[in-house]
Each structure stands twice: as C-alpha cells, then as structure tokens.
Number of protein chains: 2
Amino acid sequence: MTIEQRAPGEFSPASIFDVADRAGVSPSTVSRALRGLPNVAPATRERVARAAHELFYVASPAASGLASGRTTTVGIVVPFLSRWFFMRVVQGAEEVIRAAGYDVLLHNLGDAAGRERFFDRLPLNRKVDGIVLVDVTVQPHEQARLQALGVPVTVVGGDALGVGAVGIDDAAGVRMAVRHLVHLGHRDIGMLGGDAATGLNFAVPGRRRTTFLGAIAEAGLVTKPEWVVSSDWGIEGGARATERLLSSRRVPTALFAESDEVAFGALRTLRLAGLDVPRRMSVIGFDDHEMASVVNLTTVAQPVDAQGAAAARLLIHAMLGHADPFARLALPTQLVIRGSTAPPSGAGGSRRSPAVTH
Amino acid sequence: MTIEQRAPGEFSPASIFDVADRAGVSPSTVSRALRGLPNVAPATRERVARAAHELFYVASPAASGLASGRTTTVGIVVPFLSRWFFMRVVQGAEEVIRAAGYDVLLHNLGDAAGRERFFDRLPLNRKVDGIVLVDVTVQPHEQARLQALGVPVTVVGGDALGVGAVGIDDAAGVRMAVRHLVHLGHRDIGMLGGDAATGLNFAVPGRRRTTFLGAIAEAGLVTKPEWVVSSDWGIEGGARATERLLSSRRVPTALFAESDEVAFGALRTLRLAGLDVPRRMSVIGFDDHEMASVVNLTTVAQPVDAQGAAAARLLIHAMLGHADPFARLALPTQLVIRGSTAPPSGAGGSRRSPAVTH
DNA sequence: GTGAAAGCGCTAACAA
DNA sequence: TTGTTAGCGCTTTCAC
C-alpha cells in the first residue's frame, strides 16, 4: 500500500526498528525481549516493553512467520459446521488453543468433494503449526498426505494411525443403550443411523451400527434388516429413517438412534404418526445434546467439549515437542435416563411419566 | 527447523526458484503465471503450471503475505460458539469466504473480558484482510479501534456505524409475534429475554425487548414488570426466566421468547410445572431453530445462513475495493405457526392440536 | 547481555 | 512478455 492510498487517519504501524530506536537498543534485543527469551536484562526488557506499548507495536505475523517458520495458528477441520457435536468440539478445542496463544483457522470440509480437495491440495499447508481433525476416519493414502504437511495432527472421534487421538468408548456407550432397553423388557429393537449418502466417510456411523448389532446378539435377540435404517445424519435424516421404519409390517417397540439429533427427528415423526413415546415406542439417543432435556430424551451422554479440549492439549504438547504423538484417550460415557424410554406396552413393570413435547 | 530435526520422509518444500528453474523462466514470471495475472504467454503459463504441479509447489503464505501485504484470510468474530444462531451465521459466511479463496480465522469472544481484550489488543491485527463481526454492537471507542486495523468490517445482526451491516427487521419480527398472540385473543403477554449478566453487550437482546413493549402498547395492552424477565440467553436461561415468571401471583396466558432457545427452556419448565402448552400457556419463539419443528414451536423465522453469507459477500466486495462499505441489508422474517400457540383457555375460537414434547 | 548481518520466500517496480 | 532488483519485517546465528 503506497502512502497516497492510505485513508487520512490511517498510519503505518510501527516496526521493530522504531521500537529499537525508542528503547535505545537493537532490533534483535527487541525481538528477544518481547518474546520473553532469556538473556535480556530486566531493565532492558522493561524499557523495550514500554517503547513497544507506546508505539502500539505488534510484530507482523507474516514477517515473524517467514523468519521463524512458525505460524502460531492451528487448524481445526470439521466435516460440517451445522452439527451440534462438531460445534461443541470446536468450542472445547478453541478455548485451549487460544489460551495457549494460538489462533484458530477453521476449515469446513462440507462434502465429499471438499474432503478430497482437502487431502489433495492441503490448503492448510504452511498456514498452521498443527491440526485437530474432527470425526474423520483418515484413510491410509490420506494419512500420507497429512504427513506431507509436516505438522502434528490429533483426531477427535475418528480412527487414525500414527497420530494422537481422543474419543469415547463408543462400543461401551452403545451397549449401555441396548442393555437399558433390554432391561426394560424390549426384545424388538431397531436402530436409526446416519451415514448414508454424505460420502464424507466420517468416523462414527459405521462403528455404532456394528456395535449395535453385536450388542443385540449378545442379548440373545435378533433384529430385522428393515429395523436398522440409515439416512442422512441430523434431524431430517432421523425423521425420514423413522418414516421408512414405520412402513414395515411389524415395527419394533424400541429405537436406538445413533445421535440425539437423529432421535429428535424420530420423535417428530412418531408424534406426527400418533405413536405415543414411550408408551408405544421407546427411543434412546446418543450424545446428551442440550435439547435432550427439553424433549425428555433418554440418552447416552458423552463429554463433547472435553474431547475437543483434550485433543487440543495433545496437539499443543506435540507441537512443543513433548508428548507422545501417538497417545490415545477414551473419555467415559454415561446413561441418562429420561422419559422417552419405558417397558414395552405388553410388559408389566414400573411406568415412568411420559415424555411430552413441550 | 534445521535439517537434522526433520523426520526421515520429510523434505523441504519447493521454492519459487525451483519452479522457475524447472520451467526455465524467472521467479517473477512464476509468480505472475501462478496467480493468473495478465501478461503471461499461454505457453509459458502452461509450462510454469506443470513445473509447479510436479514439484508440489505452493507459495508460502507468510512470504507472499509479507511481500504483498495481503493475508487471504478473513476473521469471523462471534460472542459465543455454542449458540445455534452464531454457528449458522458462521456456516453461511464460511462458505462464501472459502469460495472466494480466503481462509477463515475464527475468533471467539467468550465473555466480557474477552471482548475487551479483542478491541484493546486487536489480536487479528495484520492477520486478516477483513472481518465479519457477528451480533456485536460496536461502541464508538471500539469502532475507532476497529478502524485502526485498517481492514473492512461487516456486521451481522449488530449495530455499527461506518461499516457494512446485514440483519433482519427485528422490530417487524417482534411485532409479528405479538400480533399473532393478540389475534389469538391473548391480553396478558409476558416476555422472556436473554441479556442479563453476560456483559458481552451483544446486539439483539435490548432491541427486541424495547420493540416488544412498543408492540404491546400499540395493541392497547399492558404488561407487568414481573412478566418481562431476563436471564442468560439459551435454554437454561429460558428455563430459569420462566421459573421466575411463574412465581408471580398472576401469570400471563402467553409468552414471547427472545429466541427459540429461550423458548425451549420455557417449554421444559412449563412441562415440569405441569402447565400444558398451548392450553394453559402459549409460547412463541424467534429464529426457527431446527429444533422448533421437533417441539412444535410457533416462531418467527429468520434466514440465518443467508445473513452470514450476505455479510461475507459485502465484505469481499469491500476488500476488493468495489462496493459501498456502508451498505445495510435487512432480510425478511416470517411467522411460522405450529402447535405451541392457541387462544387462551377462557376464549372460544379454533383449537389447534397441542404441542407435544418429546 | 547485546549487536551486526544474513537470510526467510515471495511480490512489485522498473527496465528491457 | 519477461527478467532484474529491491525490499516486505522479522528471527537467528555468530561475534563481541
């Protein structure tokens, strides 16, 4: 920007030389003093700090980045922005990252094409010192690309080899849900999944379905193929999946939804179909979304912010060179019983007050 | 990073000189060719492109940033990350920003201290070419600080002078809600607000309350101070506000909630208090949150992604030097009638099927 | 504890 | 249309 183009009030920011002049030291000393490096006399440091403050001096990130090779920025990569889970993970990670003095570069994959572009073109190349990858199962060839970035990576809720990972014990959570239904007396249990058609191949969906089928078998039950139905993740997906399931000749007495958002969609469809929950149909979700208490949904709670925060901490350790970059962490899940599950209508047993929408 | 520290497979990325050598041209030609500048022979451009591709060359953002003064990054600043509205705005803006070739630096204010720090220290200084500010009312002294950044700013849903702004006609939306209740026959109408205690001074809360009181007066009604209650924004805030309101000697027959999330909290409290919605209490929200259809909430819909997208477009125009940086845009709102509003129990009139929670 | 000097990898005048 | 030449504003050896 040449001087003529500048707006009247605008003035070019102070450089490290300006600060050096004002403090009566050399630029290198300014640099050292301001970054808190050792080998700076307290009095000098003080003088430099004051000069910098008076001139509103802040080091140019581009210049120091170019000189040092560090960006003081970390990338957070999510499949979508609109899902509650991702947002909360981002929130948890953001807080830790900012507290550690880094900025957050947010990258939204969006769809399958976006995912491919991400691994192919590596748009975060040289822009970040580390990456938190949320809920993406990294394929082997993708992992190679990631390595080419030359920065540490941690993963939340995804499978990945050779990088730090934090998540929950998904299998334990799913089993918890199935057992709860079984203990209530249900023998006909369906499952509503996400997964289909997004092409983003994110980590969770497949895993939960496999475990569900295993848990059903463990309980000595069988489920029907028409009772295990996938659709897009989210409320609308859950609604559509439930519609499809309800079109079977015989329907189950209980539904396990892969996420609370899918469960919410199910609740809406069941209400519109006039099927009382939990009298005619029990529904259990997964997440403990903040809306779960509003719609009185029984669910498997997982700590979401905490997973983001843990991944960020892992990453920061890795960027600092300490810490095992291959660490894996599994946070606990917990059953939260509310009003959307009850014994099947045929059975005796205690009754819970029904779930209501508002 | 010295050569010894490098991991085995890692190799230093190609520089613009490497590409120049391989293509048999000078670095400046490489630069021009790769950035699509005019005055490059098609054949040359082609040769350069191939060389760059073969060497996996990508320009160092720090170096080109330092040389050009541009960052190809835009900052999005939000008060919180955990609120649905903000997320959707970010989503809408992100898409436009990325499509225009910029990266997104996400900055979360978090709380009052974070807000102050933001305007005081300007952490986005020289890191972005423009800023989208979400739902922040910019105070005059803050505006001066923003100007010091020397980059264009646009605001979503906030008041701000001298910068582009997009939002909705809040007043029209609020009046729509109040009139709907009045037409149903309600005369005792309360309001649940956010606002209190966050200290973040974000834009919307105060505005909606003022308009609400105006609309009540317009309708020739009166409301009581105990019926207009504020709490933290969000579900828990709405729940607490409703509890407080219900402790009045006489309660209204209808509630206008400042946001759907506040309304959700209200619905939960009303359910727990055994007050049937809409029979004993009508509730109307604001936003058309995706959960509104699940809990059957009547609400005033506003386009959220679209506001973020519009703000991003405004910003990009401003960064490119075209476009009026003072443009203001108001997107339309729309009443969405669902099952949470009905005539008050005393009155006659048509009945709607009740809202249900799950 | 401090300073001098040499880059970091690009872009942008200017010249050719 | 292309090449040459200076920087952009820091950090970082290496001397002192």
Side-chain angles (χ1 to χ4, degrees), chain A residues 1-6 12-49 51-52 55-73 125-127 129 150, chain B residues 1-6 11-49 51-52 55-72 125-127 129 150:
Chain A
M1 181 185 273
T2 62
I3 200 112
E4 305 89 317
Q5 292 180 293
R6 249 178 231 137
S12 69
S15 85
I16 198 169
F17 286 90
D18 301 325
V19 178
D21 285 352
R22 182 173 254 260
V25 295
S26 73
S28 9
T29 300
V30 173
S31 177
R32 283 192 280 260
L34 258 23
R35 284 181 301 148
L37 297 190
N39 299 337
V40 177
T44 310
R45 193 186 297 279
E46 160 68 18
R47 220 154 8 101
V48 169
L55 297 173
F56 297 103
Y57 172 74
V58 180
S60 151
S64 61
L66 182 56
S68 71
R70 282 174 238 107
T71 64
T72 63
T73 301
N125 194 12
R126 307 209 241 182
K127 288 202 220 278
D129 296 338
Chain B
M1 181 187 270
T2 61
I3 199 109
E4 305 89 314
Q5 292 179 292
R6 248 178 230 136
F11 64 147
S12 69
S15 85
I16 199 169
F17 286 91
D18 300 326
V19 179
D21 284 354
R22 182 172 256 258
V25 296
S26 73
S28 15
T29 300
V30 173
S31 177
R32 284 192 281 259
L34 259 22
R35 285 181 300 149
L37 296 190
N39 298 336
V40 176
T44 311
R45 194 188 296 282
E46 161 67 19
R47 218 153 10 101
V48 170
L55 297 173
F56 295 103
Y57 172 75
V58 180
S60 150
S64 62
L66 183 56
S68 70
R70 283 176 239 106
T71 64
T72 63
N125 195 11
R126 306 207 241 183
K127 288 201 219 279
D129 296 338

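Chain identifiers are assigned alphabetically (A, B, ...) following the order of the sequence lines, protein sequences preceding nucleic acid strands; residue numbering begins at 1 within each chain.
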Would you find a donor on one side and an acceptor on the other, under 3.5 Å apart, between the side chain of [X] and the backbone of [Y]?
X        : Y       : value
B:Thr44  : B:Val40 : no
A:Asp18  : A:Ser15 : yes
B:Arg32  : B:Leu37 : no
B:Ser28  : B:Ser26 : no
B:Arg126 : A:Val58 : yes

Do A:Ile16 and A:Ser31 make a side-chain contact, defined as non-hydrogen atoms from C-beta onward lying under 4.5 Å apart?
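Yes, close enough: below the 4.5 Å cut-off.
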Can you see if the side chain of [X] gets near the phosphate of [N] - specifically, an N or O under 4.0 Å from OP1 or OP2?
X       : N      : result
A:Arg35 : D:dT12 : yes
A:Arg70 : D:dT11 : no
A:Ser31 : D:dC10 : no

So which protein N/O to nucleotides 2-5 of chain D N/O distances come out below 3.5 Å?
from, atom 1, to, atom 2, distance (Å)
D:dT2, OP1, B:Thr44, OG1, 2.4
D:dT2, OP2, B:Ala41, N, 2.8
D:dT2, OP2, B:Thr44, OG1, 3.3
D:dG3, OP2, B:Ser26, N, 2.8
D:dG3, OP2, B:Ser26, OG, 3.1
D:dG3, OP2, B:Thr29, OG1, 2.8
D:dG3, N7, B:Arg32, NH2, 2.9
D:dG3, O6, B:Arg32, NH1, 3.3
D:dT4, O4, B:Ser28, OG, 3.0

Return the value, rounded to whole Å, for the distance between atom [atom1] of [X] and atom [atom2] of [N].
X       : N      : atom1 : atom2 : value
B:Leu66 : C:dT11 : CG    : P     : 11 Å
B:Ile16 : C:dT11 : CD1   : P     : 5 Å
A:Asp21 : C:dT2  : CG    : C1'   : 16 Å
A:Leu34 : C:dG1  : CG    : P     : 17 Å
A:Phe17 : D:dC10 : CZ    : P     : 8 Å

